[in-house]
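Worksheet: one structure, shown below.
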Amino acid sequence: MIFDKFFKTPDPDGALAAIQTDIHSHLIPKVDDGSQSYDTSLECIRRMAELGYTKICLTSHFQTYKFQNDEDDILRRVDELRKVLAENNVPMELIVGGEYLVDSGFRKRMETNRFLKMNDHYLLIEFNFNQAILGVSELVFELQRMGHEVILAHPERYLYFHEHPEIPKTLKEQGVFFQSNINSFGGFYGKSTLTESYKYVANGWTEFLGTDIHNRTYLEALVNTCQDRKFRKMLDNNEFLNNTI
């Protein structure tokens, strides 16, 4: 009946086919707070393929005091993950980036200009979630002057952005790309973050979507979000740049 069709929960499979590429994930085992095993990574990647992804960018954390990853080691580990996917007949293209926290050691990293960028083009950065960083505009300008196309990860999750909307507005005016987490649209990070995620899309500020997937809990939330009618309508009514990477 027509009412059954209206109230039926949308099928999540293929929901993200128009996006094609996930630009934010933590699926290299045992390098950060993401996946801790190949089994977890395989399960997540298999399900992501069913949701419609054909390409995943692996963006492990780079943080001065918590995750002191080395770019060459990350590249080696990605090759290992590619082999595991092939051995298990999991079809997924993997590309490499990093998620770089702007912390006390970030400017030293800028001096060496040693970054993993998506397709050698986009640099994914993140801020402290609770405390604003001084001199952000100047830092972004310097990164851009160095030739980096800057993407800010999950701006909807920075609490001080909620209270001071002039901060993200200034970043947009500087040409910073915004990447929102898909699970933000499903309420995974709380009601205020959900509200901000839709507000950013309405403002035309969100160019990219990412899963920020770490493990099975994030995967379950991702599937649930893909079944949310409001999220599916948002996908249908907006274009994102994921498939350009």
Output field: ring centroids [X]/[Y] closer than 6.0 Å:
X    : Y    : answer
Y158 : H154 : yes
Y218 : F188 : yes
F208 : F240 : no

Would you call the rings of [X] and [Y] parallel, tilted or perpendicular if under 30° counts as parallel and over 60° as perpendicular?
X    : Y    : result
Y100 : F62  : parallel
F67  : H61  : parallel
Y122 : F177 : perpendicular
F178 : W205 : perpendicular
F115 : F106 : tilted

[Y] side chain reached by [X] side chain, heavy atoms, under 4.5 Å:
X    : Y    : value
E196 : K191 : no
L16  : I182 : yes
L85  : E93  : no
S137 : Q174 : yes
Q68  : Q63  : no
I125 : I151 : no

Next item on the list: Answer yes if L222 and L42 sit in the same cluster of Ile, Leu, Val, Met, Phe, Trp and Tyr residues linked by side chain heavy atoms under 4.5 Å apart, and no otherwise.
Entry: yes
Check: Are E156 and S180 close enough, and set up right, to give a side-chain hydrogen bond (donor to acceptor under 3.5 Å, both in side chains), and what steps lead you there?
Finding: CA-CA 7 Å; E156 74 278 1; S180 284; 3.0 Å; yes
Next item on the list: Report the distance from atom CG of D70 to atom CD1 of I74, rounding to the nearest 0.5 Å.
Entry: 8.0 Å
Check: Got a second to check how far I23's CD1 is from Q179's CD, nearest 0.5 Å?
Finding: 5.0 Å
Quiz question: by atom type and distance under 3.5 Å, do the side chains of [X] and [Y] form a donor-acceptor pair?
X   : Y    : result
H26 : D33  : no
T21 : N243 : no
S37 : T40  : yes

Note to self: For F127, run the side chain to side chain contact (heavy atoms under 4.5 Å, CB included) check against L101, L171, I167 and tell me which one passes.
What the structure shows: L171
Next item on the list: Might you work through the side chain to side chain contact (heavy atoms under 4.5 Å, CB included) test for Q227 and N224, ending with a clear yes or no?
Entry: CA-CA 5 Å; Q227 294 176 301; N224 290 338; 3.7 Å; yes
